[in-house]
Amino acid sequence: MAFSPSLGTLVLYCVVGGGIEQWVWRDDRFVRTQRYPFKSQGFALLTPEDGEPAPLPLDEKNVLDACALGTDVYGIRRNGAVFRLDGDSWSPVADPLPGMDDFWVDRLSLVAADHENGRLVAVAHKGQGYHFVPGTGWEQGPRIGPLGHGLTWNPLTRRPEVLRGGGNVGPWAEPEPWGEERVPTKVYMPRGWYRLPLAVDEATGEWALLEEHRLLRRRPGGEWTEHLLPLALPDRPDMVSVGGSLLALSVRGAGDVRLDGDRWGEIDAPTSSFYLHAASEHGVVTLDERGALSHTVDGHTDEFAAACDALTDIDEIEDELTLVWDHDRVVLWHGRKHQAWIARHRTWTKVTGGGPPRGTGAFCSTPVGLFYVDEDDRAFLLDDSDRWQRLASLGEGIHLLFCRPTAPALWAVTPAGLGVWRDGTFQPMAPLPEEAVSAGSARNAWYDPKGDRVLLILSGGVWELPVPDVKGGFPTPRALLGDDEPAPEPAENRSCYVLEASVRPGGSRQGLLFAYPDLESIHAVVDELVLGDSVDASMQRDLLARRGLLTLWVVQEGLLIEGIDLKPYLDLDELTIDWDTVAAATPALRGSLMDMDGVLVQIGDFVPEFTYLKDDELLEYGPNDLEGGGLPSNLR
């Protein structure tokens with residue numbers, strides 16, 4: 001960020017995927033005026049003659065900044081090494097500073113040009129200041145107190161100035177001239193060495209500091225004033241959900257906020273680091289660590305559902321957990337365990353009768369039920385009777401589902417654009433912005449019901465896509481996979497065989513589980529994994545010869561009932577297995593067999609001596625890598 005004398009205002013340059021963009025401050029917001037696509041370069045030189053940025057051929061690894069001093073341009077690495085731009089190449093002019101060879105011990109964090117004295121000024125992470133004079137090199141400068149993000153050249157006072165505070169340290173303080181000796185204290189740099197754009201508005205004499213969702217301005221001796229940036233999401237919300245309004249919930253450092261026009265404003269709702277939120281029609285529902293639900297409207301909070309023992313310590317679940325308000329019910333979906341709960345009339349009920357495969361995807365509450373599309377483009381409907389129904393495919397690459405409150409219909413955002421459900425498919429209604437197409441993704445997309453628009457986070461900011469005023473509908477029962485087909489048996493009631501090739505924790509580790517509904521598939525894995533002539537099979541035999549396990553587990557209707565040690569049946573010299581004896585000793589599976597949706601395993605009363613299987617663990621069809629070490633190449 002800098003002041004442009006020719007434009008008479010602040011300008012902001014952003015390095016994005018397609019190149020460098022120029023944004024100009026007008027009244028209360030930055031407006032993008034120019035875009036210069038060239039290969040993504042982290043540094044560019046803008047000359048006042050033509051204003052065209054030219055990419056600098058500077059290796060960005062461990063580079064802190066590039067500064068113009070007189071007619072020379074210098075690149076400064078975090079270890080203090082300095083290079084001067086000579087034509088299209090860089091010439092070293094200063095060696096690294098002593099003690100900064102180890103990045104994790106100390107490094108330069110801030111640097112600025114001191115044009116009045118013809119030098120560079122810099123601050124190390126631990127608070128020591130330095131001066132760099134061309135032809136002389138580095139010399140020690142003043143020790144600096146706790147820094148926020150502020151070190152810049154003030155063209156009005158003709159001196160470098162330091163801005164202190166901010167973030168978790170406290171409010172931003174009065175800028176101070178460079179050079180004052182300070183008692184060194186712990187330096188606070190949010191996100192390590194990340195620096196916020198900082199400049200002086202020469203037209204007004206104000207300091208300008210850009211944070212993620214606001215621009216702070218301050219006259220000398222005055223107070224900081226806040227300008228919220230339009231559509232900017234404050235501090236990267238943990239989740240954004242859709243109800244009667246678009247809400248950014250449990251926002252770090254800002255509480256819960258509601259989008260009003262193109263500005264975010266605070267709302268009165270309970271927040272906590274482990275609470276899970278969803279937007280209701282007029283307020284917020286909140287799940288706490290006891291499994292209790294609260295409903296907050298206009299600052300007043302009531303209990304929506306009492307605590308549930310099955311949901312105790314819900315804050316310890318780190319992934320694939322979604323909370324959705326769906327008219328008179330609240331749906332909690334735990335994709336990792338393939339489980340869902342419904343809260344109605346102050347009580348929780350666990351969903352039975354099958355459901356989506358594990359994972360996360362797009363949810364949408366509609367008048368005909370709760371639609372869900374998973375990451376593999378499989379579609380489902382949670383109907384009014386709280387049962388999941390499998391739908392025929394609604395399309396590929398769906399990033400967002402939403403329902404307009406004024407003209408209810410199912411809409412979707414896909415790589416092809418914005419579409420409404422009509423005549424058995426999503427009919428395209430509007431293309432995505434060019435930036436979304438070039439980026440190849442529109443995953444960061446939300447629907448704003450009040451503004452009747454889709455918001456997309458793309459390179460360069462937040463984009464809005466108005467929703468055309470057209471009619472649409474919803475997938476009908478004809479879209480179900482066979483009207484007379486019974487609902488799928490829930491994953492926890494299915495049967496399968498599980499081959500475990502593992503090594504107990506302690507030194508080398510391996511936790512491979514192969515789940516299949518037939519013994520032939522297990523036999524094929526053993527032949528390839530252990531008895532083959534590949535290097536990986538040889539390594540597997542070495543593990544078995546030491547302390548590796550090879551166990552065939554039997555899961556009957558979701559319950560682990562027994563295990564068979566396969567090592568006694570192996571002949572590692574002849575590379576064979578007595579499979580006929582194994583098959584004769586293995587019970588046949590009962591009931592519904594596992595399918596591609598996996599199986600939820602319950603340990604029950606049978607307690608194995610050792611296994612990577614866990615109680616209430618959903619196993620995917622085929623290989624499962626519990627240790628995360630990767631599959632052997634002969635099984636990929």
Side-chain angles (χ1 to χ4, degrees), residues 233-235 237-260 263-317 320-335 339-352 363-372 382-387 402-406 408 446-451:
L233 288 174
D235 301 331
D238 291 332
M239 61 172 291
V240 176
S241 185
V242 174
S245 298
L246 183 63
L247 306 179
L249 303 172
S250 197
V251 178
R252 288 184 289 272
D256 294 346
V257 293
R258 181 192 306 274
L259 185 63
D260 187 7
R263 311 283 180 167
W264 294 94
E266 293 186 3
I267 58 177
D268 186 7
T271 60
S272 173
S273 61
F274 51 75
Y275 283 172
L276 192 65
H277 302 274
S280 66
E281 186 175 0
H282 301 291
V284 181
V285 286
T286 303
L287 178 70
D288 68 19
E289 78 281 8
R290 303 172 299 123
L293 273 180
S294 300
H295 187 207
T296 302
V297 179
D298 296 330
H300 181 71
T301 301
D302 292 312
E303 185 178 80
F304 187 87
C308 175
D309 291 340
L311 302 178
T312 301
D313 298 325
I314 203 74
D315 57 302
E316 295 181 358
I317 300 175
E320 301 181 6
L321 195 64
T322 304
L323 193 68
V324 185
W325 174 280
D326 185 43
H327 304 294
D328 66 335
R329 63 185 174 181
V330 175
V331 180
L332 177 65
W333 167 244
H334 186 359
Q339 295 177 356
W341 293 269
I342 304 292
R344 265 200 189 96
H345 310 301
R346 296 181 54 81
T347 59
W348 286 99
T349 303
K350 188 174 181 180
V351 178
T352 59
F363 287 87
C364 180
S365 174
T366 75
V368 300
L370 182 66
F371 285 92
Y372 171 77
L382 186 65
D383 61 24
D384 290 339
S385 63
D386 297 342
R387 291 183 64 86
F402 66 91
C403 179
R404 301 174 70 194
T406 54
W446 298 279
Y447 174 64
D448 172 20
K450 282 190 174 180

Spacing of CG belonging to L332 relative to NZ belonging to K350, to within rounding of 0.5 Å: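 Here the interatomic distance stands at 11.5 Å.
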Interatomic distance, D386 atom CG to I342 atom CD1 [nearest 0.5 angstrom]: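 Result: 4.5 Å between the selected atoms.
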So which heavy atom on [X] is nearest to which on [Y], and how close?
X    : Y    : answer
R344 : D384 : NH2-O, 3.7 Å
C403 : P367 : SG-CD, 4.0 Å
L382 : R329 : O-NH2, 2.9 Å

Polar side chain donor-acceptor pair, H295 to S280, under 3.5 angstrom: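 Present: a donor and an acceptor within the cut-off.
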side-chain hydrogen bond (donor to acceptor under 3.5 Å, both in side chains) partners for S385, two or more places apart: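 Once residues adjacent in sequence are excluded, the partners of S385 under the side-chain hydrogen bond (donor to acceptor under 3.5 Å, both in side chains) criterion are D383.
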Side chain to side chain contact (heavy atoms under 4.5 Å, CB included) evaluation trace for F402 with W446: CA-CA 8 Å; F402 66 91; W446 298 279; over 6 Å; no
Residues that S365 engages under side-chain contact (heavy atoms from CB on, under 4.5 Å), provided they are two or more places apart: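 Checked S365 against side-chain contact (heavy atoms from CB on, under 4.5 Å); matches are D326, H327, L370.
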Residues in side-chain contact (heavy atoms from CB on, under 4.5 Å) contact with A343, at least two apart in sequence or another chain: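 By the side-chain contact (heavy atoms from CB on, under 4.5 Å) rule, A343 matches L293, F304, A305, V330, W348.
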Residues T286, V284; criterion side chain to side chain contact (heavy atoms under 4.5 Å, CB included); working and verdict: CA-CA 6 Å; T286 303; V284 181; 3.9 Å; yes
Side chain to side chain contact (heavy atoms under 4.5 Å, CB included) assessment of T322 paired with F363: CA-CA 9 Å; T322 304; F363 287 87; 3.9 Å; yes
